[in-house]
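Before any comments, here is the structure.
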Amino acid sequence: MLKRTHTCGRLRLEDAGKKVTLAGWAHSYRDHGNLVFIDLRDKEGLTQLVFNPVTQPNAHKLAKTVRCEWVIAVKGMIQQRSEGMENPKLPTGQIELVVEQLEILNVSKTPPFEIDSAEKTSEELRLASRYVDLRRPQMQARLRVRHRVAKLVRDYFDRLGFLEIETPFLAKSTPEGARDFLVPSRLQKDCFYALPQSPQLFKQILMIGGVDKYFQIVRCFRDEDPRADRQAEFTQIDVEMSFVDSNDVIGVHENLIAKIWKQILDIDVKAPMTRLSYKQAMTDYGTDRPDVRFDMKLKDISDIAKKSSFKVFTSVVEKGGIVKGICAPGKKHSRSDIEKTLTGFVADYGAKGLAWAKLKEENGKLEFVGGLKKFFSPELQKKIVKRFKAKDGDMLLFVADSQKIVNKALAPLRCKLAKDLKLYDQNSFEFVWIVDFPLFEFNEDEKRYDSLHHPFTAPVQEDLEKLETDPADVRSQAYDIVVNGSEIGGGSIRIHKMKVQQKVFDLLSISRKQAQQQFGFFLKALEYGAPPHGGIAFGLDRLIMLLTGTENIRDVIAFPKTQRGQCLLTDAPSPVDKKQLDELNLRTQRHLHAIEQKTNDKK
RNA sequence: GGGGCCGUAGCUCAAUUGGAUAGAGCAUCGGACUGUCGAUCCGAAGGUUGAGGGUUCGAGCCCCUUCGGCCUCGCCA
């Protein structure tokens with residue numbers, strides 16, 4: 001076998017005259033009867049091969065048989081392309097390889113789709129033939145960015161004295177949080193492991209174990225429905241540190257992010273990054289992961305709306321709800337846009353309607369046009385205009401409902417409008433830390449408190465007393481990092497005192513018995529000299545999505561799963577042998593029905 | 001669990017109001033060709049319209065069921 005001396009993307013004009021061997025896939029071939037050209041591709045790029053029937057009849061004859069995606073190796077001389085024959089589209093376009101010897105390493109069936117037009121090919125087919133899809137330069141580039149980031153992360157933490165430590169995948173199930181993936185135990189009948197949703201407790205125990213600085217690039221599993229940016233199986237950069245406060249953790253990681261952005265995109269991210277309180281974020285943006293690339297903040301107009309004659313507004317405010325709105329600049333939206341598209345859009349988030357008014361300047365005065373006009377006196381209109389600092393041609397959009405629904409509907413509407421109106425630079429990145437989260441949120445359905453982050457998040461020191469009196473008002477030492485409206489990481493200082501942890505469990509209505517069963521091992525560990533500690537986890541997949549400019553998480557995972565959790569390449573999940581189930585002491589519903597059927601038949 | 005979009009040749013798409021033998025580009029196969037680079041030119045082959053059922057004289061198109069893909073609400077401590 002011919003052994004390659006170079007890759008297909010590296011040869012340049014200065015290599016002319018060298019004798020080299022290349023290997024790769026036939027990307028395309030152009031047979032002129034006389035000369036044959038083949039573009040040879042590997043992960044580094046393309047190099048044009050030339051086969052000349054006069055000087056190398058054997059190689060030329062063989063080259064005529066080569067087809068797309070055949071695997072070949074070629075030996076020959078690098079030659080400068082003659083004038084006018086250069087290909088400026090290729091980095092190697094100044095040269096070509098004059099082939100003296102061609103070896104066909106493998107043939108290929110006609111590929112299921114053309115590599116060059118894969119961008120238009122259905123993702124279903126790309127996933128089913130991932131081996132072909134992965135050959136595409138774009139996919140190779142994404143895999144490379146992912147590798148480079150992982151390497152950078154490891155180097156960064158290594159230099160700071162962190163240890164990468166593996167934690168178990170076969171772990172204990174905890175009913176809190178997302179649905180667990182379960183793994184039946186063969187040795188312990190009727191018992192199950194759970195795949196970790198995150199190594200949360202293990203990393204905290206590492207701190208108690210004196211590790212001091214831990215990180216891990218680790219797979220996590222959550223059995224929930226996937227989304228464009230969410231996969232049941234995903235990767236976290238997981239970190240934990242001892243003897244630190246929030247600012248320490250934030251500092252270490254904004255520098256890491258700045259480093260990644262510099263190295264991968266050559267973009268300078270300013271550190272320290274801006275911070276925004278949870279409360280402010282909810283007020284101004286209606287979400288704890290605001291896109292701060294553009295302004296267009298939400299404004300509460302409940303006080304003005306209740307004085308209007310619009311029944312929807314007045315009755316909502318009377319019932320304790322709120323009226324909030326945004327002011328979209330420009331004249332892009334027609335009435336039917338609003339009433340069909342935008343109203344439908346907010347309806348998905350539970351809003352019952354979308355009230356609107358356009359603004360027009362008449363005689364030097366800004367006035368409502370259409371929509372809400374007749375319900376608002378000129379006086380009230382003026383107040384609203386002032387609050388939004390609205391201008392001629394702007395459009396006001398309002399949702400009236402409970403605070404929760406209003407924010408839920410307006411936050412995505414704000415982003416959608418900004419995108420439609422092109423209010424920001426698509427290539428910019430705006431980072432913001434969200435801090436001062438409440439420790440709990442009240443769960444209306446269950447009539448109890450839930451953790452906003454997780455039950456191990458430490459309360460702010462001065463709010464400790466409020467745990468007894470006013471739990472809803474207790475702030476946590478948690479922090480999320482958000483970029484362009486996407487949460488890429490989050491963490492907290494943890495509770496390191498058993499008594500506080502127990503108190504939090506009490507407030508979460510986790511009984512002593514439950515707590516012992518689920519977290520007993522951890523509560524015990526806290527009693528043996530747990531140091532103050534805290535950490536963070538980043539979603540690696542989402543980082544790579546941002547860095548590679550894709551909105552599809554499957555693009556940054558070599559072997560992703562579909563929305564129904566299937567791997568189209570391997571066809572997982574699949575039924576298993578009855579023998580396998582027997583060994584695990586398991587029966588599926590289907591088996592049970594079959595058994596019932598048999599018993600009934602006998603009767 | 002709910003909502004939406006989609007499924008026609010290997011790939012990407014077309015097919016008027018339900019109307020005759022379901023078309024095109026690319027790929028494939030055969031041929032031609034002295035430098036191409038998305039080569040070009042000539043020719044050929046290629047179809048269970050995702051699957052099943054229904055309405056109709058007649059279905060790619062309408063209706064029902066079902067499978068699959070994507071987006072999304074719920075869910076994701």
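All chains are named by letter (A, B, ...) in the order of the sequence lines, taking the proteins before the strands, and each is independently numbered beginning at 1.
You'll find that the side chain of A:Glu114 is closest to B:C26, out of B:U36, B:C26, B:U72. Considering only side-chain atoms of A:Arg554, the nucleotide from B:C11, B:C71, B:G69 that sits closest is B:C71. Side-chain proximity of A:Glu123 to the nucleotides B:G1, B:C70, B:U72 is greatest for B:C70.
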Could you pull out every donor-acceptor pair under 3.5 Å between side chains of residues 53-64 of chain A and any protein atom, sequence neighbours left out?
from, atom 1, to, atom 2, distance (Å)
A:His60, NE2, A:Asn34, O, 2.4
A:Lys64, NZ, A:Asp31, OD1, 3.0
A:Lys64, NZ, A:Asp31, OD2, 3.0

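Checking the phosphate oxygens (OP1, OP2) of B:G38, no side-chain nitrogen or oxygen of A:Tyr29 falls inside 4.0 Å. At B:C26, none of the side-chain N or O atoms of A:Ser117 fall inside 4.0 Å of OP1 or OP2 (strictly under the cut-off). Note on A:Gln48: every side-chain N or O is 4.0 Å or more away from OP1 and OP2 of B:G35.
Side chains of A:Glu96 and A:Gln79: a donor-acceptor N/O pair is present below 3.5 angstrom, by distance only.
Pairing of B:C26, defined by two Watson-Crick or G-U wobble distances under 3.5 Å, is identified with B:G10.
Checked by distance alone, A:Asp348 brings no side-chain donor or acceptor within 3.5 Å of a matching partner on the base of B:G4. In terms of polar N and O atoms assigned as donor or acceptor, the side chain of A:Glu96 comes within less than 3.5 Å of the base of B:G35 in a complementary pairing.
Taking the six-membered ring wherever Trp is involved, the centroid distance between the rings of A:Phe519 and A:Phe505 falls below 6.0 Å.
Using P as the reference atom, B:A39 and B:C73 are 42 Å apart when rounded to the nearest Å. If you take atom P in B:U16 and the same atom in B:G7, they sit 14 Å apart, rounded to whole Å. Nucleotides B:G53 and B:C6 are separated by 25 Å at their P atoms, to the nearest Å.
For the pair A:Lys416 and A:Phe345, the cation sits on the ring face: its NZ or CZ lies under 6.0 Å from the ring centre, inside 45° of the axis.
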